[in-house]
Enquirer: 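Mind looking over this structure? Questions follow.
Both ligands and their constituent atoms are indexed starting at 1 by order of listing.
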Amino acid sequence: MPPAAMFPDTVAGMKAVLPDLRGRLMANQSLAEVTWFRVGGPAQTLFMPEDESDLAYFLAHLAADTPVTVIGLGSNLIVRDGGVPGVVIRLGRGFGDIRIETGERVRAGAAVPDVKVARAAQEAGISGLAFMRGIPGAVGGALRMNGGAYGRETKDALIEVRGIDRRGSITVLANPDMHYAYRHCGAPDDIIFTEALFAGTPGDPTKIAAEMDEITQSREATQPIKSRTGGSTFKNPPGRKAWQLIDAAGCRGLRIGDAQVSEMHCNFLINLGSASATDIEGLGETVRARVRENSGIELEWEIKRIGIPSSSDR
Ligand SMILES: Cc1cc2nc3c(=O)[nH]c(=O)nc-3n(C[C@H](O)[C@H](O)[C@H](O)COP(=O)(O)OP(=O)(O)OC[C@H]3O[C@@H](n4cnc5c(N)ncnc54)[C@H](O)[C@@H]3O)c2cc1C
């Protein structure tokens, strides 16, 4: 892929109106390296806030018409080849605290990888969070996606969330305020989650560790977890399995360029090496069309797609 054309650099202008900003602002920062698919163009501006108050300050003073997109560990994301206009926010160290609280609770910053939440709960003898062992994202992504596996979802373990809205106001949302459904969160789209409080029940650390090992083994046997992928591409339609519909439509192994429907698990798309975001998204749309033709069922994307297809769309 040729490098995507650059966006106009807005960093100096932003710094001028944000004299107290402590986090890092970077122009035309490539996002491909921070997503699992390893594709896509740059962020016009990438902002890595120092901590929650830095993020609140930034949002409160950013021009209201500047688009803002937040990303986590990029494990459920296609960044399109033309890049992402406006500001992309990526939370780092200042959102990486994790601690155990009384009542079998775990408080974790939005940048904490899900596997660390599962591990901390296991070590503290808290049962009910082992499912997070198999989700390769961070807490913010789990909250937005209602990430789940092996019969449990984020909503089953969540007490409350802290977040910041587009105007920079800090807000606390209780579990019902998240309006969760399968792989769906109904909290306002502009809220950037900064921290979550989870709860489990008392459990035996050895048994929880065994449960986590089983999850690891089952994933290694059934999913292409070492590939450049975005996990499940489409949501399971009510009462159906997306992978079965894709298989029945003859799409297992289907390729566009270096984008391929995984042979191992056909609801996973993989980048064999030099696929572009256009190849991967195009392959996904081809799969949707074939499934529609074959079964009459409209598959809905689970993977989030952000940005613009090419620099000529700017
Ligand atoms: C091999 C593999 C296996 C997977 N298995 C599963 C599975 O079993 N179950 C499952 O549910 N998912 C699975 N996934 C998908 C993915 O890991 C989850 O959706 C995960 O929760 C995404 O987290 P992330 O940090 O990578 O978010 P990203 O992919 O970076 O972003 C996903 C969405 O969350 C939003 N977001 C991220 N951080 C924040 C924040 N702080 N505040 C507000 N919104 C935010 C983004 O804007 C975007 O809309 C798998 C993915 C892979 C690659």
Enquirer: Regarding Thr216 and Arg133, is there a side-chain donor-to-acceptor distance under 3.5 Å anywhere?
Expert: yes

Enquirer: Looking at ligand 1, does any of its N/O atoms fall within less than 3.5 Å of an N/O of Leu73?
Expert: yes

Enquirer: Heavy-atom contact check, 4.0 Å cutoff: does Thr194 meet ligand 1?
Expert: no

Enquirer: Give the residue and atom name of whichever protein heavy atom lies nearest to atom 26 (O) of ligand 1, and the separation in Å to one decimal.
Expert: Ser75 OG, 2.7 Å

Enquirer: Which bit of Trp36 gets closer than 4.0 Å to ligand 1, counting heavy atoms only: side chain, backbone, both or neither?
Expert: side chain

Enquirer: Name all pairs fulfilling the salt bridge (charged side-chain N to carboxylate O under 4.0 Å, His left out) condition that reach into residues 19-46, sequence neighbours left out, sorted by first residue then second.
Expert: Arg22-Asp51

Enquirer: Classify the contact between Glu153 and ligand 1 as side chain, backbone, both or neither, using a heavy-atom distance cut-off of under 4.0 Å.
Expert: neither

Enquirer: Please determine if Gly148 has a nitrogen or oxygen closer than 3.5 Å to a nitrogen or oxygen of ligand 1.
Expert: yes

Enquirer: Consider every N or O of Ile192 and every N or O of ligand 1, then say whether any pair is closer than 3.5 Å.
Expert: no

Enquirer: Heavy-atom contacts with Leu91 under 4.0 Å: which atoms of ligand 1 show up? List them by number with element.
Expert: 41 (N)

Enquirer: Counting each atom of ligand 1 from 1 as listed, which ones have a heavy atom of Ala138 under 4.0 Å away?
Expert: 23 (O), 24 (P), 25 (O)

Enquirer: Closer than 4.0 angstrom, basic N to acidic O: yes or no for Lys235 and Glu302?
Expert: no

Enquirer: Please determine whether a side-chain nitrogen of the Lys or Arg among Glu285 and Arg288 lies less than 4.0 Å from a carboxylate oxygen of the Asp or Glu.
Expert: yes

Enquirer: Measure centre to centre between the rings of Tyr57 and His61, then say whether the value is under 6.0 Å.
Expert: yes

Enquirer: Which of the atoms in ligand 1, numbered in the order shown and given with their element, are less than 4.0 Å from a heavy-atom of Ala142?
Expert: 21 (O)

Enquirer: Tell me which protein heavy atom sits closest to atom 41 (N) of ligand 1, plus the residue, atom name and distance to 0.1 Å.
Expert: Phe193 O, 3.0 Å

Enquirer: Provide, to 0.1 Å, the distance between atom 14 (N) of ligand 1 and the closest protein heavy atom, together with that atom's residue and name.
Expert: Pro136 CD, 4.1 Å

Enquirer: Strictly by side chain to side chain donor-acceptor pair (under 3.5 Å), give each pair with a member in residues 157-166 just once, sequence neighbours left out.
Expert: Glu52-Arg162

